[in-house]
Amino acid sequence: MHADTPDPSPGPAGGSFHSGLGQDVTTTDRTTSDEGSRAGRPRIERYEPTAIEPKWQERWAELRMYDTDLSDDSRPRYYLLTMYPYPSGALHIGHWYIKTPTDAIARYRRMHGDNVFLPIGFDAFGLPAENAAIKGGFNPRDWTMQNMEKMRGQLRSMGATFAWDAELATCEPAYYRWNQWLFLQLLDRGLAYRAISPVDWCPNDGTLAREQVEGVDRRCWRCGAKVEKRELAQWYLRITRYADELLDFSGIDWPEPIRVQQTNWIGRSSGAEITFESAPSPSHAGGAPIKVFTTRPDTLFGATFLVLAPEHPLVADLIAPERQTDVEAYVKAAADKTEIDRLSTDRDKTGVAIGAEAVNPVNGERVPIFIADYVLGTYGTGAIMAVPAHDERDFAFARRFDLPIVQVVMPRDASPHAELTEAFTAHTADEVMVNSGQFDGRQASEAWHDIVAWLAEQGKGEQTVTYRLRDWLVSRQRYWGTPIPVIHCPVDGPVPVPVADLPVLLPETVDYHGSGDNPLTRDEAFLNVDCPRCGGPAKRETDTLDTFIDSSWYWFRYLSPKLDDAPVDVDLVRRWTPVTQYTGGAEHAVMHLLYSRFFTKAMRDLGLVHESEPFRKLFNQGQILGADGERMSKSRGNVQDPDELVARYGADAVRLYLMFMGPWDQGGPWNTKGISGPVKFLGRVWALTIDPHGREAGDQTDGALPAGEDESDARDRLRAAAHRTLRDVTEDYEGFRWNTMVAKLMELSNLLVRYRGTSVAGLPEWNEAIRLLLLMLAPAAPHITEELWSRVLAANGAEWESIHVQRWPSVDETAIVEQTREVPIQVNGKLRDKVTVPVGISEIELEQIVLARDKVIAAIGDVPVARIIHAGGGRLVNIVLRR
RNA sequence: GCCGAAGUGGCGGAAUGGCAGACGCGGCGGUCUCAAACACCGCUGAGGGCAACCUCGUCCGGGUUCGAAUCCCGGCUUCGGUACCA
């Protein structure tokens with residue numbers, strides 16, 4: 001800063017005459033540590049986080065500081081939501097990584113006067129509880145409740161400001177009855193329905209989740225038996241009805257990668273549905289419509305065969321008797337594979353002809369029909385027209401089965417006779433039609449529309465849109481979830497449970513029989529009921545709901561977790577939602593974060609909520625990996641236990657270290673060593689505050705101010721640094737840039753350390769800097785700042801008031817204004833010199849000074865100066881020489 | 001394969017068109033101590049020079065610009081997601 005004024009002007013000497021200052025906050029311990037007094041240096045009380053953290057956590061809880069008054073309209077509302085944890089047993093460091101910075105946001109917003117609501121709860125249904133229960137022979141409820149109790153304690157140890165009075169657990173009837181209620185409403189609106197679909201089924205253990213099927217030969221994870229596919233009646237939610245609306249992200253501020261993922265997942269494809277007809281054959285009358293979906297109707301003349309999905313319903317009608325055996329064998333083989341296997345890209349194409357033909361509507365040509373598992377029954381119409389010349393998969397299939405390949409689209413200037421060695425899939429504005437009858441010579445992109453129009457005229461096709469997104473399968477053949485409120489009557493079929501009979505309670509006792517299949521199917525008391533419609537004997541539905549239902553509306557319920565006559569408090573929902581800021585992992589991109597958007601829209605259409613989007617702003621934090629760079633898991637033995645760290649370094653240090661590691665959205669490998677940085681920093685903040693006049697053994701400055709500074713310079717510099725830090729740190733808080741926020745506070749504390757024990761320690765500028773430092777640090781490290789704040793107040797004889805109810809300080813711009821500025825000087829873009837000049841200097845004056853510098857003259861030599869660039873507001877000067 | 005994110009010292013990272021490496025870890029030297037630990041002070045990208053200084057340097061190759069870690073084009077690598085979606 002004073003690089004060009006090296007001569008030292010000694011400031012007031014010594015640093016030992018300040019005990020009389022009113023603002024002296026030195027602790028009384030200074031005099032009690034007699035055995036530690038060595039070399040005339042009083043030992044100050046050390047920073048002991050474990051001694052202060054529980055104390056303040058209790059105090060905050062006693063004062064109910066963070067229960068939110070939801071009816072308070074006098075302040076801006078800030079609904080801060082963080083993904084609720086699954087009660088898996090214990091918190092891991094990843095929970096801290098997302099939750100403690102979220103708490104810093106809450107505290108920061110409160111210091112701006114916002115009414116912050118930061119609820120917490122538990123995603124308490126799910127498979128891990130059931131697996132643990134089967135293994136240990138106990139009730140999933142007991143396991144879940146115990147885990148929740150442990151995790152509550154751990155969550156409290158973060159010092160986070162959760163609104164515990166709003167806590168909810170989804171496994172409580174008070175919550176899941178409303179899952180059931182919502183399900184019935186969706187059923188009533190046609191947004192829930194039942195359909196048959198294949199599930200993985202083990203002969204010993206019943207239905208398996210996808211992750212319970214192991215290895216390429218698909219065996220049960222528990223008993224090793226070969227897993228089959230079974231057709232089961234399943235409940236679905238009609239999320240596809242909202243596909244187009246879900247593609248619209250206007251009005252929400254979400255990370256681009258999530259929006260892209262959701263968009264791809266929904267997978268809107270514009271194309272045409274084209275109707276082929278079956279050709280007559282000895283065993284089949286012909287004339288049956290076969291609908292195919294294509295995004296390339298312009299290639300219709302190139303369709304040389306048709307492929308149906310193996311499970312396509314028309315297969316049975318069309319099949320030639322002599323093909324029966326082969327086709328059945330193929331269909332069975334396909335059914336034994338999961339969709340994952342079927343979709344594996346590098347697999348060779350397989351399929352069989354079914355001995356039937358179809359008629360191409362555009363030219364009357366007869367083409368053979370195949371079934372092949374590369375066509376999916378669940379997408380489009382489950383049937384395609386195969387155009388091997390213009391589709392890679394069809395090309396591979398045609399090569400394999402020696403089928404004709406007819407090119408119908410080609411580049412304008414290409415030779416029409418060249419043989420294709422791979423599918424030609426380019427679809428720009430520059431291709432023309434060939435081998436396409438009346439469309440020959442037309443530009444392909446125009447022919448696309450012309451052919452669709454022609455088909456529509458003939459009643460043989462229409463333009464359509466297809467989505468990759470499927471309806472949401474919500475049936476789970478599991479005990480530990482929300483019972484689906486339906487009764488199956490032999491007379492009336494599936495009948496909804498009357499709303500008055502809700503909740504359908506999960507039975508208290510559970511008998512697993514040492515097996516993984518759903519014990520509800522064996523629970524006679526649960527199972528046997530009267531039909532609500534005809535009163536006759538009927539059976540309850542034994543499937544439970546996917547736990548993602550629970551998390552699809554939980555933030556509404558936080559506002560009134562105990563409300564017992566409606567799922568949500570319409571008035572509070574109107575005032576408090578959408579959620580202002582949501583924080584959580586990106587791994588939920590196309591599940592929870594998509595389902596929540598769907599549910600919000602569906603609940604809007606049910607008249608329950610007014611808005612269409614759940615979360616106005618979303619932030620996805622990164623993932624903390626093990627020290628080995630791998631995902632943390634018990635089996636790898638690389639899990640970091642936060643309790644251990646808290647016991648050793650304190651919650652504040654852990655919070656600060658997690659924030660300091662790097663950008664929040666980045667995550668990264670855990671490295672315990674690095675925590676010593678934040679630990680030392682907190683120790684310095686402690687020492688600076690309680691003992692401003694102390695000096696450490698080995699300090700060679702001898703209490704003198706830095707060379708070239710007098711006391712007035714030092715006071716200005718302290719004040720400028722404190723306010724500049726405040727300005728920058730405020731911006732970092734706003735942008736969730738915790739790592740640089742902490743770094744800047746470290747810089748300020750380093751500066752204060754330099755002045756500790758000098759004549760400016762304890763002066764008003766010093767005290768202001770300490771005060772700002774504590775306030776800026778308070779949201780991130782709430783305990784130590786609360787403790788030091790209370791000591792400062794006590795030392796000044798002031799009444800205690802929590803640091804966390806203080807207002808965020810405002811920047812004094814006049815403190816930051818400087819008299820001089822250091823200007824880097826470049827010659828041809830290379831740094832050659834620096835010069836300190838008065839702030840208001842003109843460009844002409846600056847040039848004169850710059851050009852007179854020895855180093856500049858040397859760098860220029862005898863080459864003429866072409867021009868001189870003054871970069872943005874005089875931040876830099878660049879002298880450009882003639883080439 | 002496709003989609004997304006990212007490549008900067010020994011390590012985590014900062015700087016997003018203007019002084020590369022803030023801040024921290026680790027390392028080296030010193031002070032304090034009987035000694036150690038703690039704490040404190042100084043140094044710490046590479047190479048050269050007694051020195052002042054000089055040269056090189058942000059994954060690789062081009063380009064734009066007075067000036068590029070940053071913008072553009074091409075490539076490589078790593079991580080995440082997805083998986084024959086017609």
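Side-chain atoms are counted along with the backbone in the values below, which use heavy atoms only and exclude waters and symmetry mates.
- Comparing B:G18, B:A14, B:C85 by their closest approach to the side chain of A:Pro663 singles out B:A14.
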Strictly under 3.5 Å: I want the nitrogen or oxygen pairs between protein and nucleotides 21-28 of chain B, one per line.
| unit_1 | atom_1 | unit_2 | atom_2 | d |
| --- | --- | --- | --- | --- |
| B:A22 | O2' | A:Glu747 | OE1 | 3.4 |
| B:G24 | OP1 | A:Asn750 | ND2 | 3.0 |
| B:C25 | OP1 | A:Lys680 | NZ | 3.0 |

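- For B:C56, one of the phosphate oxygens OP1 or OP2 lies less than 4.0 angstrom from a side-chain nitrogen or oxygen of A:Lys830.
- The pair A:Asp391-A:Arg296 fails the salt-bridge criterion, with no side-chain N (NZ, NE, NH1 or NH2) lying under 4.0 Å from an Asp/Glu carboxylate O.
- Rounded to whole angstrom, the span from the CZ atom of A:Phe397 across to the P atom of B:A86 amounts to 19 Å.
- Straight-line distance from the CH2 atom of A:Trp664 to the P atom of B:G13: 17 Å, rounded to whole Å.
- A salt bridge links A:Arg724 with A:Glu818: at least one charged nitrogen is closer than 4.0 Å to a carboxylate oxygen.
- Side-chain proximity of A:Val753 to B:C66, B:A83, B:C40: nearest is B:C40.
- B:G27 and B:A37 are spaced 12 Å apart, taking the P atom of each and rounding to whole Å.
- The separation between A:Leu831 atom CG and B:C53 atom C1' is 13 Å, rounded to whole Å.
- Rounded to an integer number of Å, the gap from CH2 of A:Trp265 to C1' of B:C2 is 14 Å.
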Using atom names, set out every protein N or O paired with an N or O of nucleotides 5-9 of chain B below 3.5 Å, distance rounded to 0.1 Å.
none

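- Summarising the geometry, the separation between CG on A:Asn264 and P on B:G4 is reported as 8 Å, rounded to the nearest angstrom.
- Using cut-offs of 30° and 60° for the angle between ring planes, the A:Trp686 and A:Tyr47 rings count as tilted.
- For B:U55 and B:G1, the C1' atoms lie 46 Å apart once the distance is rounded to whole Å.
- Between the P atom of B:A86 and the CZ atom of A:Arg393 lies a distance of 7 Å, rounded to the nearest Å.
- Comment: A:Glu747 does not engage A:Lys744 in a salt bridge, judged by the lack of any side-chain N to carboxylate O separation of less than 4.0 angstrom.
- Distance, A:Gln826 CD to B:A68 C1': 11 Å, rounded to whole Å.
- Among A:Trp96, A:Tyr657, A:Tyr97, the one residue that satisfies the ring pair (Phe, Tyr, Trp, His ring centres under 6.0 Å) test with A:Trp670 is A:Tyr657.
- The separation of B:C59 from B:U77, taken at their P atoms, amounts to 16 Å, rounded to a whole angstrom.
- Taking the six-membered ring for Trp and thresholds of 30 and 60 degrees, A:Trp664 and A:Trp738 have ring planes more than 60 degrees apart, a perpendicular arrangement.
- Using a 4.0 Å heavy-atom criterion, one finds that A:Arg832 contacts the sugar-phosphate atoms exclusively.
- Comparing the P positions of B:U8 and B:A14 gives a spacing of 11 Å, expressed to the nearest Å.
- Between A:Phe305 and A:Phe370, the angle of the ring planes goes over 60°, which puts this pair in the perpendicular group of the 30/60° scheme.
- In this structure, a donor-acceptor pair under 3.5 Å is present between the side chains of A:Asp394 and A:Tyr374.
- OP1 or OP2 of B:C85 has not a single side-chain nitrogen or oxygen of A:Thr295 nearer than 4.0 Å.
- Counting any heavy atom pair closer than 4.0 Å across all strands shown, A:Arg756 reaches no nucleic acid atom.
- The CZ atom of A:Phe305 sits 12 Å away from the C1' atom of B:A86 (whole-angstrom rounding).
- In terms of polar N and O atoms assigned as donor or acceptor, the side chain of A:Arg470 comes within less than 3.5 Å of the base of B:C85 in a complementary pairing.
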